[in-house]
Amino acid sequence: MKNKLISIIFLLLGITLIVAGIFREEAEVVIEKATKICMECIGIG
């Protein structure tokens, strides 16, 4: 029972932080950085 409660708390915390990041428009920044890193890895950027 205790493990299930902890799992639910962490799940809700994760969802909350994801939603907060979306509202702060951080998802766009993450995608831009990921694209840049990927391009550098394959030698294009």
Q: Rounded to the nearest 0.5 Å, what separation is found between the CD1 atom of Ile37 and the NZ atom of Lys33?
A: 8.5 Å
Q: Taking the hydrophobic residues Ile, Leu, Val, Met, Phe, Trp and Tyr, and joining any pair whose side-chain heavy atoms are under 4.5 Å apart, which ones share a cluster with Leu5?
A: Ile9
Q: Looking only at heavy atoms, which two atoms of Leu12 and Thr16 are closest? And how far apart?
A: O-OG1, 2.7 Å
Q: Using the side-chain contact (heavy atoms from CB on, under 4.5 Å) definition, which of the options Ile18, Leu11, Leu17, Leu13 pairs with Ile15?
A: Leu11
